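From a predicted model like this one, the values you see are computed outputs, not experimental measurements. When a ligand or atom number is given, it counts from 1 through the structure's own listing order.
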Amino acid sequence: MDLKFSLCLVVLLGTCLAQKIRYDGFSVLRVVPKTEKELFALKKILDNNRQFEIDVWRFAGVVGKHADIQVSPKYFLQLNQTLAENGLSPKVTVRDVQKLIAEQELKNHEVKETAGVFEYGKYHTLDEVNNWIDNITKYYPNITTVFEITKSYEGRTIRGIRISTGEGNSKPSFFIEGGIHSREWISPATVLYMAGQMLDRYSADQRIKQLVDSFNWFILPVFNVDGYEYTWTKNRNWRKTRSKHGLCTGVDPNRNWDYEWCKEGASKDPCSDMYCGPKAFSEVEVKGVADFIMKNSKMMKGFIDFHSFSQLWMSPWGYTTKLPPDFKDQDKGSELAVEALEKVFGTKYQHGSIANTIYVASGSSADWTYGAAKIKYSYGVELRDTGKYGFLLPPDQIIPSGKETLEALIALGNFVVNN
Ligand SMILES: *[C@@H]1O[C@H](CO)[C@@H](O)[C@H](O)[C@H]1NC(C)=O
Ligand SMILES: *[C@@H]1O[C@H](CO)[C@@H](O)[C@H](O)[C@H]1NC(C)=O
Ligand SMILES: *[C@@H]1O[C@H](CO)[C@@H](O)[C@H](O)[C@H]1NC(C)=O
Ligand SMILES: [Zn+2]
């Protein structure tokens with residue numbers, strides 16, 4: 001047990017439980033494996049994550065693509081040296097993680113809010129997201145309804161909104177999810193912004209109207225509700241669900257889907273951040289969303305799972321670098337999306353298959369929605385940034401991220417409808 005934690009247990013249980021984990025002096029190192037040998041060495045170091053108190057911000061999987069590794073000050077020199085010995089030339093991308101956490105928190109507090117008006121340019125707690133769901137569905141009762149997936153491991157309800165105009169029954173559907181990895185805060189924030197715009201601008205903007213009218217939309221802003229709450233109250237860096245597995249907590253909800261489950265790019269170690277779970281769909285949250293999608297899958301034509309960070313628009317497969325038969329069409333959708341996105345502020349995204357663009361990952365959402373639920377246009381998207389702030393993106397980037405991603409969605413929506 002952590003010394004600080006055991007000390008405060010003795011002193012005062014109450015304050016101790018309220019205390020958030022701090023990351024003073026933690027840094028993030030970036031390395032780029034240039035050969036298969038270096039990649040292999042890097043993976044071995046990352047697998048030994050407990051030895052160096054490592055938290056992987058971005059995994060390594062492909063030669064020539066970088067990994068970002070958070071390390072405690074205690075192990076910095078040792079890790080730096082180990083990486084250097086393996087030819088990996090580490091560079092520091094974040095000097096003090098706690099400083100970025102504090103900055104994000106402070107700036108979020110400083111965002112001015114008008115009474116009774118939802119502020120999209122701000123990160124919101126789970127309670128605030130739920131209030132947003134209640135408010136917006138009351139505000140647009142003709143075309144929105146609340147949908148409930150299931151209760152999470154800790155008993156929170158997973159909720160989203162359905163937007164449906166006109167003859168709902170005869171239209172294709174599109175499912176959008178945010179916040180499957182709880183620390184990736186820009187994901188729920190971007191999803192909320194886009195959903196808000198789709199509703200607020202529906203009658204005034206022809207392009208938005210066309211996008212909204214083309215599908216029945218299922219929008220789930222926060223998938224991993226327990227993890228998300230935990231990032232606000234206990235540990236800003238939490239990624240997984242909160243289910244218990246021996247001494248360790250949480251399953252990676254994006255390695256838990258029942259399609260090529262727990263092969264390459266997933267871990268059987270319950271303490272790993274990529275733990276695939278004791279079995280496929282072990283997580284009630286993942287099983288719940290999968291069942292919901294399957295129930296509606298006949299009409300489901302599009303699916304996007306929003307993550308951060310890295311600025312990538314990706315399609316299946318994740319479990320193998322081999323390309324699926326539909327890859328050309330799928331990647332055409334990505335290409336149109338990132339072109340439209342870049343036009344807004346010049347933000348550059350790369351696109352391609354998951355395994356070839358970021359790393360091999362098995363049991364991920366997009367592989368299942370494509371492979372099992374047969375949703376051809378299934379995507380995994382990594383939002384801003386490319387690593388300067390990582391998960392700790394300042395709130396003044398929320399609306400820009402929302403604006404550019406909405407343009408990508410309009411371009412992709414048009415493409416899917418016409419295919
Ligand atoms: C970390 O390793 C790099 C590459 O060997 C080296 O240039 C740098 O000085 C090291 N940093 C520290 C603080 O030791
Ligand atoms: C409720 O939704 C409307 C429509 O989007 C919005 O104008 C308003 O600011 C929202 N109010 C709150 C308190 O969220
Ligand atoms: C919502 O319903 C009301 C009452 O039936 C109608 O006047 C209004 O045009 C509808 N709005 C939309 C956006 O369909
Ligand atoms: Zn993620």
*Check each of W368, F327, Y370 against W317 using the ring pair (Phe, Tyr, Trp, His ring centres under 6.0 Å) test, and report the only one that passes.*
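Output: one option passes, namely Y370.
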*For a ring pair (Phe, Tyr, Trp, His ring centres under 6.0 Å) with F415, tell me which candidate from Y379, F174, Y377 qualifies.*
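So the option named by the test is Y377.
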*Between L77 and ligand 1, which residue portion shows a heavy-atom distance shorter than 4.0 Å: side chain, backbone, both, or neither?*
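Near ligand 1, L77 shows its side chain, while the N, CA, C and O stay back.
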*From the Zn ion (ligand 4) out to just under 2.8 Å, does an N/O/S atom of E184 turn up?*
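A backbone or side-chain N, O or S atom of E184 is under 2.8 Å from the Zn ion (ligand 4).
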*Quick one: report the N, O or S atom of H307 that is nearest to the Zn ion (ligand 4).*
ND1
*If you check every N/O/S atom of H181, which is the one nearest the Zn ion (ligand 4)?*
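The nearest such atom is ND1.
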*Any nitrogen or oxygen of N80, main chain or side chain, under 3.5 Å from a nitrogen or oxygen of ligand 1?*
yes
*Taking only heavy atoms of F76 into account, list the atoms of ligand 1 that are under 4.0 Å away from them.*
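Counting from 1, the qualifying ligand atoms are 13 (C).
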*Could you tell me if any non-hydrogen atom of G196 lies under 4.0 Å from any atom of ligand 2?*
no
_Atoms of ligand 2 close to V117 [distance to a heavy atom under 4.0 angstrom, numbered from 1]_ = 9 (O)
*Taking only heavy atoms of I136, which atoms of ligand 2 are found under 4.0 Å from at least one of them?*
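The list of qualifying atoms is 5 (O).
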_For ligand 2, which is the ligand I care about here, please tell me if F118 has any N or O atom under 3.5 Å from one of the ligand's N or O atoms._
yes
*Close N or O approach (Y139, ligand 2; < 3.5 Å)*: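 No; the residue has no nitrogen or oxygen that sits under 3.5 Å from a nitrogen or oxygen of the ligand.
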*Could you walk me through whether Y140 and D200 pass the side-chain hydrogen bond (donor to acceptor under 3.5 Å, both in side chains) test, one step at a time?*
CA-CA 9 Å; Y140 298 106; D200 290 345; 2.5 Å; yes
Distance from [atom] to nearest protein heavy atom, with residue and atom:
{"atom": "atom 5 (O) of ligand 1", "answer": "A84 CB, 3.3 Å"}
{"atom": "atom 10 (C) of ligand 2", "answer": "N135 ND2, 2.5 Å"}
{"atom": "atom 13 (C) of ligand 2", "answer": "G116 O, 3.4 Å"}

*Taking atom CH2 of W238 and atom OG1 of T231, what is their separation to the nearest 0.5 Å?*
11.5 Å
_For the CZ atom of F59 and the CD1 atom of I358, what is their distance to the nearest 0.5 Å?_
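If I round to the nearest 0.5 Å, the distance is 9.5 Å.
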*Hey, does the side chain of K240 reach the backbone of T249 with a donor-acceptor pair shorter than 3.5 angstrom?*
yes
*May I have the step-by-step check of side-chain hydrogen bond (donor to acceptor under 3.5 Å, both in side chains) for N256 and S282, ending in yes or no?*
CA-CA 7 Å; N256 190 238; S282 62; 3.0 Å; yes
*Classify the contact between D200 and ligand 2 as side chain, backbone, both or neither, using a heavy-atom distance cut-off of under 4.0 Å.*
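The part of D200 near ligand 2 is the side chain, not the backbone.
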*Give the ring-plane orientation class for F147 versus F218, where under 30° counts as parallel, over 60° as perpendicular and anything between as tilted.*
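The rings of F147 and F218 stand perpendicular, inter-plane angle above 60°.
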*Just say parallel, tilted or perpendicular for the rings of F223 and W257, cut-offs at 30° and 60°.*
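F223 and W257: tilted rings.
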*Could you give me the CA-CA distance, side-chain angles and deciding distance for N216 and S164, then say whether side-chain hydrogen bond (donor to acceptor under 3.5 Å, both in side chains) is met?*
CA-CA 5 Å; N216 291 314; S164 187; 2.5 Å; yes
_Strictly inside 4.0 angstrom of atom 7 (O) of ligand 1, do you find any protein heavy atom?_
no
